[in-house]
Amino acid sequence: MKVKRILKWSVGIILLVLVAWVEIAYWTSTNNCDRKTAAPTNPMKAITYCDYGLANLKLENVEKPTPNDDQILVKVRAASVNPYDWHFVEGTPKIMRMMGVGLRKPKDTRLGVDFAGTVEAVGKNVTQFKPGDDVFGGKGGAFAEYVCRRAEGAVALKPANITFEQAASVNIAGITALQGLRDKGKVQPGQKVLINGASGGVGTFAVQIAKSFGADVTGVCSTRNVDLVRSLGADHVIDYTKEDFAKGAERYDVILDNVPNHSLSECRHILSPKGKYVMIGGGGPNDSRWVGPFGRVIHALVLSPFVSQEMGMMMADANQKDLAILGDLMQSGKMKAVIDRTYKLSEVPAAIAYLEQGHARGKVVITLE
Ligand SMILES: NC(=O)c1ccc[n+]([C@@H]2O[C@H](COP(=O)([O-])OP(=O)(O)OC[C@H]3O[C@@H](n4cnc5c(N)ncnc54)[C@H](OP(=O)(O)O)[C@@H]3O)[C@@H](O)[C@H]2O)c1
């Protein structure tokens with residue numbers, strides 16, 4: 001009896017402490033907007049946001065960064081927008097906020113990742129880049145006139161025969177497609193690969209990369225994108241408005257799933273016995289606002305050891321080597337970026353709002369002077 005009472009009290013106290021802790025953490029969650037003082041001495045224009053929500057994005061003057069000994073300073077000529085950016089703008093799925101993104105306000109007030117531009121200055125330890133080099137890659141805060149990035153990180157020389165807009169499209173979407181197919185899907189020549197969401201940022205790169213691996217590629221998209229996906233090299237195109245790929249008779253060796261709108265058992269049903277399911281995407285801003293795709297990820301990981309197929313997900317890991325591989329594919333003409341729309345830096349909110357609708361055809365790009 002006494003033990004039961006002690007247990008009850010202990011659980012109560014733990015819960016109370018937890019609630020108090022979350023409450024305090026929530027109300028003390030802050031960012032550098034609360035500490036802003038003097039105007040920047042060496043200003044540049046950048047997109048910033050002090051609070052979650054698209055309406056809170058601003059184009060303002062911030063301090064132009066200075067490279068440290070291991071960094072390069074890049075004058076950004078183009079950037080591209082990814083669903084990653086709207087996850088941060090909206091702070092969804094909300095579980096992200098508890099994982100360090102900022103409970104009440106975004107901790108990092110800068111936005112954008114993918115960029116292409118020209119090296120303006122290099123730190124004293126940098127040997128692989130020099131001022132004047134055109135480069136592309138990824139770095140937080142890319143919706144800005146300049147970014148500083150560690151020279152050994154995710155940045156590579158831009159092939160001379162592709163535009164800054166094309167190059168800026170590559171980092172997140174291209175790396176995701178490459179690593180999803182090569183590292184997780186382990187795609188081999190002649191294998192049957194299904195790409196669900198073949199007309200989006202990741203999908204348009206994935207169709208071309210899978211073809212470059214010698215796969216037999218099936219792309220899934222809506223009617224208006226059938227010709228586009230075929231023109232990228234897909235051997236078969238399924239129009240999802242007319243046909244459900246999960247109900248077909250075909251069996252695939254790899255499914256790259258950018259739009260997880262079918263259950264895992266439906267996906268398993270069309271996988272070959274040793275096939276691989278690679279989950280990439282996870283719904284729009286209003287789908288499952290608390291946990292987003294995490295429930296499905298856990299389901300896939302728990303299921304995988306008990307079935308003959310490999311069920312898993314992947315998180316893109318941007319790095320110089322893979323950017324160089326993607327650069328080579330573009331230089332040789334085996335891969336191109338499909339650019340849907342371009343916006344100016346001041347129009348980043350409109351660009352993100354467009355991407356949030358979930359129907360971009362390829363990439364949405366920001367151009368800078
Ligand atoms: N795991 C990672 O590391 C990682 C990295 C990058 C991206 N992602 C995620 O992967 C997903 C895709 O990214 P993205 O950059 O390709 O997004 P995106 O460019 O916004 O994708 C939009 C595309 O999805 C297509 N689509 C929408 N509903 C569809 C459906 N029911 N069936 C087939 N296609 C459909 C649209 O085609 P229609 O207009 O024809 O409908 C559109 O072309 C996102 O959820 C993103 O968050 C994950």
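Indexing begins at 1, ligand by ligand and atom by atom, following the structure's order. The shown structure was predicted, so the numbers you read here are calculated from the model rather than taken from an experiment.
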Enquirer: Which protein heavy atom lies closest to atom 30 (C) of ligand 1, and at what distance to 0.1 Å?
Expert: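 Scanning the protein heavy atoms, the shortest distance from atom 30 (C) of ligand 1 goes to Tyr240 CE2, 3.4 Å.
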
Enquirer: Heavy-atom distances under 4.0 Å decide this one: backbone, side chain, both or neither, for His87 against ligand 1?
Expert: side chain

Enquirer: Does Arg268 make a cation-pi contact with Tyr277, if we ask for NZ or CZ under 6.0 Å from the ring centre and within 45° of the axis?
Expert: no

Enquirer: Out of Gly200, Pro83, Gly219, who is nearest to atom 23 (C) of ligand 1 when you count heavy atoms only?
Expert: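 Nearest option to atom 23 (C) of ligand 1, by heavy atoms: Gly200.
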
Enquirer: So, is the end of the Lys158 side chain (NZ or CZ) under 6.0 Å from the ring centre of Phe164 and within 45° of the ring's axis?
Expert: yes

Enquirer: Check the orientation of Phe88 and Tyr84. Use parallel for under 30°, tilted for 30 to 60°, and perpendicular for over 60°.
Expert: tilted

Enquirer: With a cut-off of 4.0 Å, which atoms of ligand 1 are near a heavy atom of Gly281?
Expert: 9 (C), 10 (O), 11 (C), 44 (C), 45 (O)

Enquirer: Show the atoms of ligand 1 that are less than 4.0 angstrom away from any heavy atom in Ser199.
Expert: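 Matching atoms, with element in brackets: 36 (C), 37 (O), 40 (O), 42 (C), 43 (O).
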
Enquirer: Name the closest protein heavy atom to atom 5 (C) of ligand 1, giving the residue it belongs to and the distance to 0.1 Å.
Expert: Thr176 OG1, 3.0 Å

Enquirer: Within 45° of the axis and under 6.0 Å from the centre of the six-membered ring of Tyr52, does NZ or CZ of Arg97 qualify?
Expert: yes

Enquirer: Measure Asn196 to ligand 1 on non-hydrogen atoms and call it side chain, backbone, both or neither using the 4.0 Å cut-off.
Expert: side chain

Enquirer: Is the charged tip of Lys64 near the ring of Tyr146: under 6.0 Å from the six-membered ring centre and within 45° of its axis?
Expert: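 Positive - Lys64 is close enough to the ring of Tyr146 and near enough to its axis.
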
Enquirer: Does one side chain, of Asn196 or Asn261, offer a donor that lies under 3.5 Å from an acceptor on the other?
Expert: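 Present: a donor and an acceptor within the cut-off.
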
Enquirer: Hey, does Met314 come in under 3.5 Å of ligand 1, counting only N/O atoms on both sides?
Expert: yes

Enquirer: Is there a polar contact between ligand 1 and Ala316, counting only N or O atoms under 3.5 Å apart?
Expert: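 Ala316 vs ligand 1: N/O contact under 3.5 Å present.
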
Enquirer: Show the atoms of ligand 1 that are less than 4.0 angstrom away from any heavy atom in Asn225.
Expert: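 In order of numbering, the contacting atoms are 37 (O), 38 (P), 39 (O), 40 (O).
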
Enquirer: For atom 39 (O) of ligand 1, which candidate among Glu356, His359, Lys363 holds the nearest heavy atom?
Expert: His359

Enquirer: Minimum heavy-atom separation for Arg110 to Ala144, with atom names?
Expert: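 Arg110 and Ala144 have their closest heavy atoms at NH2-CB, 3.2 Å.
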
Enquirer: Taking the minimum heavy-atom distance to atom 13 (O) of ligand 1, which of Leu256, Val202, Thr204 ranks first?
Expert: Val202

Enquirer: N/O to N/O below 3.5 Å, does that happen between Tyr84 and ligand 1?
Expert: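 There is no such contact.
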
Enquirer: Which heavy atom of the protein is the closest neighbour of atom 43 (O) of ligand 1, given with residue, atom name and distance?
Expert: Ala360 O, 2.5 Å

Enquirer: I'd like to check whether Val259 has a polar contact with ligand 1, where a contact means an N/O of the residue lying under 3.5 Å from an N/O of the ligand.
Expert: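 N/O-N/O distance below 3.5 Å does not exist for this pair.
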
Enquirer: State the atoms of ligand 1, each with its element, that fall below the 4.0 Å cut-off from a heavy-atom position in Asn261.
Expert: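 Counting from 1, the qualifying ligand atoms are 30 (C), 31 (N), 32 (N).
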
Enquirer: Would you say the side chains of Asp322 and Gln179 form a donor-acceptor pair under 3.5 Å?
Expert: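 Note: Asp322 and Gln179 side chains meet the donor-acceptor criterion.
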
Enquirer: Which ligand 1 atoms are under 4.0 Å away from a heavy-atom of Gly197?
Expert: 33 (C), 34 (N)

Enquirer: Specify the protein heavy atom at minimum distance from atom 25 (C) of ligand 1: its residue, its atom name, and the distance to 0.1 Å.
Expert: Gly358 O, 4.0 Å

Enquirer: Please report whether ligand 1 has a polar contact with Ile172, defined as an N or O pair separated by less than 3.5 Å (distance criterion only).
Expert: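 By distance alone, the answer is no.
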
Enquirer: Taking non-hydrogen atoms only, is Ile280 closer than 4.0 angstrom to ligand 1 via side chain, backbone, both or neither?
Expert: both

Enquirer: Is a donor on one side and an acceptor on the other found under 3.5 Å between the side chain of Thr109 and the backbone of Cys50?
Expert: no

Enquirer: Does an N or O anywhere in Asn82 fall below 3.5 Å from an N or O of ligand 1?
Expert: no

Enquirer: Please determine if Ala173 has a nitrogen or oxygen closer than 3.5 Å to a nitrogen or oxygen of ligand 1.
Expert: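 In this structure, Ala173 places no N or O atom under 3.5 Å from an N or O of ligand 1.
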
Enquirer: When you look for heavy atoms under 4.0 Å from ligand 1, do you find them on the side chain of Arg224, its backbone, both, or neither?
Expert: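 Side chain only.
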
Enquirer: Near Gly282, which atoms of ligand 1 are under 4.0 Å from a heavy atom of that residue?
Expert: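 Answer for ligand 1: 45 (O).
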
